[in-house]
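Accompanying notes for the structure given below.
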Amino acid sequence: QVQLVESGGGLVQAGDSLRLSCAASGLTFRMLAMGWFRQTPGKEREFVSSISRSGGRTTYEDSVKGRFTISRDDSENTMFLQMNSLKPEDTAVYYCAAAGPTWSDSAPRSGFGYWGQGTQVTVSS
């Protein structure tokens, strides 16, 4: 059974930093691209960032580029999202995702088939 468990969310002030973690089990982590999504109540879940199975390619949504950094540690089956210079607009539930069979390096924002339960990030102004 695939399990993705996020942690590291919390309540911070604008300008602060958080580091989210995603612990994966039940899958061959090193062979799968991974990603982060976020969702605010009443809005559609949106793509935040993704990282290829080798770590050689990273992709970021424009609003977080330069502030967020995605990374992975395949020896620990863990993915991270370092979030710096947080803004109130970053407030959301952040979800860890693992690529499904349709994921492609040519379209790294889609094709994720496994999801965690989410971790809340709240940024006050």
Side-chain angles (χ1 to χ4, degrees):
Q1 182 180 4
V2 175
Q3 295 283 344
L4 302 174
V5 181
E6 304 94 335
S7 62
L11 173 63
V12 298
Q13 294 182 316
D16 285 351
S17 298
L18 281 174
R19 189 192 193 205
L20 305 184
S21 297
C22 171
S25 62
L27 49 76
T28 51
F29 182 83
R30 69 177 184 84
M31 298 182 69
L32 295 175
M34 300 290 294
W36 289 98
F37 290 72
R38 64 187 181 187
Q39 186 170 28
T40 300
K43 294 186 177 181
E44 188 174 292
R45 187 176 299 185
E46 67 174 353
F47 171 83
V48 176
S49 184
S50 66
I51 185 167
S52 67
R53 59 187 178 185
S54 68
R57 179 175 180 178
T58 57
T59 304
Y60 297 93
E61 191 270 327
D62 287 344
S63 69
V64 309
K65 185 172 289 186
R67 299 188 297 120
F68 291 10
T69 303
I70 190 171
S71 62
R72 63 192 297 161
D73 184 346
D74 289 350
S75 69
E76 299 291 336
N77 287 354
T78 305
M79 175 182 64
F80 305 95
L81 184 68
Q82 178 66 45
M83 304 185 294
N84 297 328
S85 301
L86 283 163
K87 304 176 180 179
E89 306 94 273
D90 296 318
T91 295
V93 176
Y94 283 71
Y95 296 91
C96 172
T102 63
W103 188 90
S104 172
D105 183 66
S106 64
R109 297 170 180 265
S110 60
F112 294 89
Y114 307 97
W115 303 88
Q117 294 290 90
T119 185
Q120 178 70 49
V121 172
T122 302
V123 184
S124 63
S125 60

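Along the sequence shown, residues are numbered consecutively beginning with 1. Note: hydrogens, waters and symmetry copies are ignored here, and every other heavy atom, side chains too, is used. These numbers were taken from a predicted model, which means no experiment stands behind them.
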*CZ of R57: more than 12 outside heavy atoms within 6.0 angstrom?*
yes
*Nearest-0.5 Å distance, CZ of residue R19 to OG1 of residue T69*: 10.5 Å
*asked:* Over 60° means perpendicular and under 30° means parallel, so tell me whether Y94 and F68 are parallel, tilted or perpendicular.
replied: tilted
*Would you please test L86 and L18 for side-chain contact (heavy atoms from CB on, under 4.5 Å) and show each step?*
CA-CA 8 Å; L86 283 163; L18 281 174; 4.1 Å; yes
*Looking only at atom types and distance, does a side-chain atom of T78 sit under 3.5 Å from a main-chain N or O of E76, one as donor and one as acceptor?*
yes
*Over 12 non-hydrogen atoms of neighbours within 6.0 angstrom of CD in Q82*: yes
*asked:* Could you report the tightest heavy-atom contact between S17 and V12, atom names first, then the distance?
replied: O-CG1, 4.4 Å
*Determine the minimum heavy-atom distance between P88 and S125, stating which atoms define it.*
CG-CB, 3.7 Å
*L27 side chain reached by N77 side chain, heavy atoms, under 4.5 Å*: no
*asked:* Is there a side-chain contact between M34 and F80 in this structure, where contact means two heavy atoms from C-beta onward sitting under 4.5 Å apart?
replied: no
*asked:* Any non-hydrogen side-chain atom of T40 less than 4.5 Å from a side-chain atom of T91?
replied: no
*Do you know the tightest heavy-atom contact between L81 and S49?*
CD1-CB, 4.4 Å
*Answer with yes or no whether the hydrophobic clustering places F47 together with Y60; edges join I, L, V, M, F, W, Y residues whose side-chain heavy atoms lie under 4.5 Å apart.*
no
_Derivation of the ring-ring contact (aromatic ring centres under 6.0 Å, His included) call for F37 and F112_ = CA-CA 10 Å; F37 290 72; F112 294 89; 5.4 Å; yes
*Tell me, do M79 and F29 make a side-chain contact under 4.5 Å, heavy atoms counted?*
yes
*Are Y95 and I51 linked, directly or through other ILVMFWY residues, by side chains that come within less than 4.5 angstrom of each other?*
no
*Using modelled atom types only, decide if a donor and an acceptor are shared between the side chain of T28 and the backbone of M31 within a distance under 3.5 Å.*
no
*Path from I70 to L32 over hydrophobic side-chain contacts below 4.5 Å*: yes
*What closest approach, in Å, do S106 and S104 show between heavy atoms, and which atom pair accounts for it?*
OG-OG, 2.8 Å
*Heavy atoms, side chains only, cut-off 4.5 Å: are P108 and W103 in contact?*
yes
*asked:* One pair to check against salt bridge (Lys or Arg N to Asp or Glu O under 4.0 Å): D74 and R53. What are the steps and the verdict?
replied: CA-CA 9 Å; D74 289 350; R53 59 187 178 185; over 6 Å; no
*Where do E6 and W115 land on the side-chain contact (heavy atoms from CB on, under 4.5 Å) test, with the steps shown first?*
CA-CA 10 Å; E6 304 94 335; W115 303 88; over 6 Å; no
_pair Q3-Y114: side-chain heavy atoms closer than 4.5 Å_ = no
*Roughly how far apart are S75 OG and R30 CZ, rounded to 0.5 Å?*
12.5 Å
*Check the pair L20 / V121 against side-chain contact (heavy atoms from CB on, under 4.5 Å), numbers first and verdict last.*
CA-CA 9 Å; L20 305 184; V121 172; 4.0 Å; yes
*Hey, does D90 have a side-chain heavy atom less than 4.5 Å from the side chain of R67?*
yes
*Of all heavy-atom pairs between L4 and A24, which one has the smallest distance, and what is that distance?*
CD2-CB, 3.6 Å
*asked:* Just so I know, are the side chains of W36 and C22 near enough to count as touching, which here means a heavy-atom distance under 4.5 Å?
replied: yes
*Is the count of non-hydrogen atoms from other residues, nucleotides or ligands lying under 6.0 Å from Q117 atom CD greater than 12?*
no
*Sole residue of R109, Q39, R38 in side chain to side chain donor-acceptor pair (under 3.5 Å) with E46*: R38
